[in-house]
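Below you'll find the structure, written out as structure tokens, and then a few comments.
Keep in mind the model is a prediction, meaning the values are calculated, not measured.
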Amino acid sequence: MLVLERRHRSIRAGAFVALLAAAILPHAVFAGPEEDRLDFVGYFQSRFPNVPFDEFANGIYAIDEDARTQWLEIEEFPPYEFAIERGEALWQTPFSNSSTYADCYDWPLGEIRAAYPKFDAARGEVVTLDLSINHCLVANGETPLAYNSSEMIDLTAYLAWVARGQKIDVRVPDDEPGSLAAYEEGKRFYYSKRGQLNLACADCHVTSVGMYVRADHLSASLGHPTHFPVYRSKLGRMISMHERFYGCVRDVRARPFDLQSLEYRNLEYFLAYMSNGLTINGPGARK
Amino acid sequence: MAPARASKFIITIAIVLLAAPGVAADINIRLAEAQGLLQQAADAGYEWLETAALLEQARAEMENGDLDNALALIEKAQFQAEAALIQAEREAEAWRSRVLQ
């Protein structure tokens, strides 16, 4: 036990040294979000020089021609259409106090999706679209939705649909110190190996991008946040981005975090920033 | 039963009865240690998928009286929790080397 207590102290000491180093080492070693994004985009563009930047919004279908052909046929009768219709009906249904979802947001309907994820200075944490919906419900005396509920997925599918064509434009404001910390936490999560398989998100979606995992190619992280929620054919239902995170963490045999946990919200914040400038094209259809 | 064999049987039963509480107490200590390590791994955000389930299975085996199997499960869980803590310690810095530049 003493050895492990020392180990635990060592972890804390490591984190302290990292923070100290971040404060004093040259900028190139601990780059800011925009430098990170340019390096991130540059990596994928060099790996796939024939894929235009905008195409990365199509996920795996940007780099896997056979899968793309199947996907384009699926898109002729999109399996997510019913979710959009249900989401629109939910959006338009007033709460018991006669307010509506629209009253909770400062943006026109088509711009709500693109406003998230954002760092909420008052709350001191990243707020995603899904979380904002539950904040809205609670503020109006309603019961919050489960994050994997059909209602939540339908609402986010509708908001993604009406936002199609908008660009991802996540900010990490200099005047909100907590935002950079949240971004860095998401970045750390993304590049950290975890679980019994000792794999980081980046091991599959950066280092091994385009390679086979069983019968499928691994997709690029650049563009992942544009198209959620998605209809997954293998599950026969829609899933959120956080449910996908949950599945990936479980697949590397680590204990997954809860949907909308701080860990996943920070991860979404980092990934969405990396995809800034790409076009929102959700909801999507995936295998 | 011959007197000599009867004596051996009684002595064996006595040893088992006297030893069992000690073994059970030892396993309880091992279980608590493994649970503590698992909690440290969870606090660090590095808990592995099946470690908690292994400890649950160990508890069930203890209730069924299969202490050997319970101990084997506890040792497996302890190994996983220690490995997860080593992973957490290493990744506190190692992740930086993977950031795209």
Side-chain angles (χ1 to χ4, degrees), chain A residues 1 3-18 21-22 25 28-31 35-44 46 184-185 187-198 200-203 206-207 221-222 249-257 261-263 274, chain B residues 22 24-60 70-101:
Chain A
M1 288 302 284
V3 170
L4 287 155
E5 280 167 18
R6 279 202 296 276
R7 185 172 291 151
H8 214 54
R9 280 202 297 276
S10 172
I11 293 170
R12 287 197 295 271
F16 175 74
V17 169
L25 286 182
V29 178
F30 296 96
E35 289 88 349
D36 285 343
R37 191 187 68 80
L38 293 172
D39 289 335
F40 200 83
V41 171
Y43 172 84
F44 289 106
S46 67
E184 286 292 331
E185 275 302 299
K187 178 176 157 185
R188 183 183 64 79
F189 190 103
Y190 181 78
Y191 287 108
S192 295
K193 291 177 184 287
R194 62 187 69 246
Q196 214 165 348
L197 299 190
N198 198 38
C201 306
D203 285 328
V206 173
T207 311
S221 278
L222 178 61
V249 172
R250 182 200 57 219
D251 289 348
V252 302
R253 301 191 65 73
R255 184 173 185 136
F257 298 89
S261 61
L262 195 57
E263 287 84 357
M274 292 298 100
Chain B
D26 183 49
I27 282 195
N28 276 320
I29 291 168
R30 298 290 302 274
L31 180 67
E33 282 178 358
Q35 187 66 51
L37 291 170
L38 173 60
Q39 190 57 53
Q40 287 183 49
D43 291 345
Y46 279 84
E47 182 180 347
W48 287 8
L49 184 63
E50 66 170 6
T51 318
L54 287 170
L55 291 179
E56 279 305 309
Q57 288 173 34
R59 284 191 194 90
L71 188 59
L73 289 162
I74 290 168
E75 285 173 348
K76 192 172 178 184
Q78 178 153 346
F79 173 82
Q80 288 196 6
E82 286 177 351
L85 280 169
I86 291 167
Q87 188 178 50
E89 180 180 4
R90 187 196 63 214
E91 289 303 306
E93 271 306 303
W95 69 271
R96 294 185 185 281
S97 66
R98 301 181 200 110
V99 176
L100 292 173
Q101 290 178 9

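Looking at A:F257, the atoms closer than 4.5 Å to chain B (heavy atoms on both sides) all sit in the side chain, from C-beta outward. Contact annotation for A:Y43: only side-chain heavy atoms (C-beta onward) come within less than 4.5 Å of a heavy atom of chain B. With a threshold of 4.5 angstrom between heavy atoms, B:Q87 approaches chain A through side-chain atoms but not through N, CA, C or O. Only the side chain of B:A52 comes within less than 4.5 Å of a heavy atom in chain A; its backbone stays farther off.
A distance-only check finds a donor-acceptor pair linking the side chain of A:R194 to the backbone of B:G45 [under 3.5 Å].
Residue B:L100 holds its CG atom at 12.0 Å from CG of A:L38, rounded to the nearest 0.5 Å. Atom OG1 of B:T51 is separated from atom CD of A:Q196 by 7.0 Å, given to the nearest 0.5 angstrom. Note: B:R96 CZ to A:R188 CZ = 9.5 Å, rounded to the nearest 0.5 Å.
Interface check for chain B: of the options A:R255, A:R250, A:R253, the most heavy-atom pairs under 4.5 Å are formed by A:R255.
Annotation for B:Y46 and A:S192: closest pair OH-CB, 3.4 Å, computed over non-hydrogen atoms. Of all heavy-atom pairs spanning A:P256 and B:L49, the tightest one is CD-CD1, 3.9 Å.
With a 6.0 Å radius and a threshold of 12 heavy atoms from other residues, nucleotides or ligands, A:R37 has its CZ atom above the threshold.
The closest side-chain heavy-atom distance from A:N198 to B:R90 is below 4.5 Å.
B:R98 is linked by a side chain to side chain donor-acceptor pair (under 3.5 Å) to B:E91, counting only residues two or more places apart in sequence or in another chain.
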